[in-house]
Asks: 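Structure provided below as C-alpha cells; questions to follow.
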Amino acid sequence: MNETHHILYHHLLQRQNDLPLIRTSLVSIWPSIFLLICLVIVVVLRVTSYQKVIKIIQSIFNFKTAKSIDGEEYKFFKLSSILLNVFFIFNMAFLCYKLNSIYKLILVKWSGVMQLLFFILFILLLLLFKFLLNRLLLFISNNHKVISEYNLIGSLINQTFTLFIFPFVVLLQFSKYNSIFFLFCALVILASAEIYKWYRGFLISLIEQRIGLLQIFTYFCALEILPGLILLKYIIETF
C-alpha cells in the first residue's frame, strides 16, 4: 500500500502530538494476587473443612448447632479456624482499602500496598485490643460463660458473613460497573453482621443468662463499641 494512501492519511483529524506519548498509567497486579490468595483460602477450606464450614454457617442461624459447636470446645487454633480468621482479616482490610481509595479519607499519599498493610495491621490491633478487654472484663465481672459464648458466636458470625462479602469485594475490584454499588452491598452485609451479632448477644445475656439490660449495654460497649472508637479516633488524629 502506498504511504500516501495509508488509512492514517486524508482524514479530518488533526495531529496533536508529533512524538509518541509516554504511558504514565500503570496497572497494579497486586490486588489480583491478594484476592487470588483469598480465593486459595476458600479452596483449601472447601477441600479440607467443608463440613466444618457448613456447620459454622448453620450455627449462626440455629441455636442447637451453635450449642453443639460450643460443646465440642471450638478451637481457634485449628486449621479451619485459622484460615477463616485470616480470610476475615484479609477481606476486611481490602474492603477498608477500597473504601479509602474511593473517598480519600486517610493515607492519601501512601501506595495501595502500604494502605492495605496498614489496614491489616489496624484490624489485628483492634482484635488484640478486644481480646485484652475481654480478659479484663472476665476478671472484673467473673461472668465467664456469657462473655465466652458471645465471643464464640461473634467470631462465627464474622467468619460466616465474610464469605458473603467476598464476592462483592471481588466485583468491587474487577467489575466495570459502578463500584459504589458493590461497596454499598458489602457495607450493608457488614452492618447486618454487626447488628445480628448484638442481637444474638442480647438473647444470650437477657434470656439465657438473665442479665440486666444495663450490664448487657456495658458488655457491648466494652467488647464492641469502645475498641473501635478508640482506634478510629487515634487514626483520624494521627493520619
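Atoms considered below: every heavy atom in the structure, side chains included; atoms not considered: hydrogens, waters and symmetry mates.
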Asks: Under 4.5 Å between any side-chain heavy atoms of Gln173 and Phe94, yes or no?
Replies: yes
Asks: Within the side chain of Arg200, is there an N or O that forms a donor-acceptor pair under 3.5 Å with the backbone of Ile153?
Replies: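 Here the side-chain-to-backbone pair does not exist.
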Asks: Show the nearest heavy-atom pair for residues Ser155 and Asn85, with the distance to one decimal.
Replies: OG-OD1, 3.9 Å
Asks: Same cluster or not: are Leu79 and Phe90 linked, directly or through other Ile, Leu, Val, Met, Phe, Trp or Tyr residues, by side-chain heavy atoms under 4.5 angstrom apart?
Replies: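 In one cluster with Leu79: Phe90, yes.
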Asks: Answer with yes or no after comparing the ring centroid distance for Phe122 and Phe119 against a 6.0 Å cut-off, counting only values under it.
Replies: no
Asks: From Lys98 NZ over to Ile180 CD1, what is the distance, rounded to the nearest 0.5 angstrom?
Replies: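 Separation between the atoms: 10.0 Å.
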Asks: Listed by chain and number, what are the ring pair (Phe, Tyr, Trp, His ring centres under 6.0 Å) partners of Phe168, not counting sequence neighbours?
Replies: none
Asks: Any side-chain heavy atom of Leu163 sitting closer than 4.5 Å to one from Gln159?
Replies: no
Asks: Identify the two heavy atoms, one from Phe161 and one from Ala193, that lie closest to each other, and give their separation to 0.1 Å.
Replies: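 Smallest heavy-atom distance, with atoms named: CG-CB, 3.4 Å.
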Asks: Looking only at heavy atoms, which two atoms of Gln115 and Leu107 are closest? And how far apart?
Replies: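 Taking Gln115 first and Leu107 second, the nearest heavy atoms are NE2-O, 3.1 Å.
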Asks: Using side-chain contact (heavy atoms from CB on, under 4.5 Å), reason through Ile54 and Gln58 one step at a time and then give a plain yes or no.
Replies: CA-CA 6 Å; Ile54 293 299; Gln58 292 175 342; 3.7 Å; yes
Asks: For Phe61, does the CZ atom sit with more than 12 other heavy atoms under 6.0 Å from it, leaving out its own atoms?
Replies: yes
Asks: Do Phe182 and Phe184 sit in the same hydrophobic cluster, where Ile, Leu, Val, Met, Phe, Trp and Tyr count as joined when their side-chain heavy atoms come under 4.5 Å apart?
Replies: no
Asks: Give me the atom names and distance for the closest heavy-atom approach of Ser179 to Ile102.
Replies: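 For Ser179 versus Ile102, the nearest heavy atoms are OG-CD1, 3.9 Å.
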Asks: In terms of hydrophobic clustering (I, L, V, M, F, W, Y; side-chain heavy atoms under 4.5 Å; direct or indirect links), are Tyr199 and Val188 co-clustered?
Replies: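 No, it is not one cluster - the side chains of Tyr199 and Val188 are not joined through contacts under 4.5 Å.
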Asks: Should Leu156 and Ile57 count as side-chain neighbours, where that means a heavy-atom distance under 4.5 Å?
Replies: no
Asks: Nearest 0.5 Å, please: how far is CH2 in Trp198 from CD in Glu194?
Replies: 5.5 Å
Asks: Can a donor-acceptor pair be found, under 3.5 Å and without considering hydrogens, that links the side chain of Tyr196 to the backbone of Ile60?
Replies: yes
Asks: Check whether Asn158 reaches the backbone of Phe88 with its side chain - one donor and one acceptor, N or O, closer than 3.5 Å.
Replies: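 Checked: no pair found.
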Asks: To the nearest 0.5 Å, tell me how far Ile189 CD1 sits from Leu95 CG.
Replies: 10.0 Å
Asks: For atom CZ of Phe174, is the number of surrounding heavy atoms from other residues, nucleotides or ligands below 6.0 Å larger than 12?
Replies: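 Yes, the 6.0 Å shell around CZ holds more than 12 heavy atoms from other groups.
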Asks: Once rounded to the nearest 0.5 Å, what's the spacing between atom CG of Leu171 and atom CG of Leu183?
Replies: 12.0 Å
Asks: For the backbone of Thr162 and the side chain of Asn91, can you confirm whether one donor and one acceptor N or O come within less than 3.5 Å of each other?
Replies: no
Asks: Are Phe87 and Phe166 an aromatic pair, judged by ring center distance below 6.0 Å?
Replies: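 Close enough - the centres of the two rings lie under 6.0 Å apart.
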Asks: Taking distance alone, no hydrogens or angles, what donor-acceptor pairs closer than 3.5 Å link side-chain atoms of residues 29-51 to residues at least two apart or in another chain?
Replies:
residue, atom, partner, partner atom, Å
Thr48, OG1, Val44, O, 2.6

Asks: Tell me whether Leu105 is reachable from Trp110 by hopping between hydrophobic residues (I, L, V, M, F, W, Y) whose side-chain heavy atoms are closer than 4.5 Å.
Replies: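 Yes, it is one cluster - the side chains of Trp110 and Leu105 are joined through contacts under 4.5 Å.
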Asks: Evaluate the side-chain hydrogen bond (donor to acceptor under 3.5 Å, both in side chains) criterion for residues Asn151 and Lys130: first the C-alpha distance (whole Å), next the side-chain angles of each, then the deciding distance (0.1 Å), finally the verdict.
Replies: CA-CA 10 Å; Asn151 287 334; Lys130 287 179 63 175; over 6 Å; no
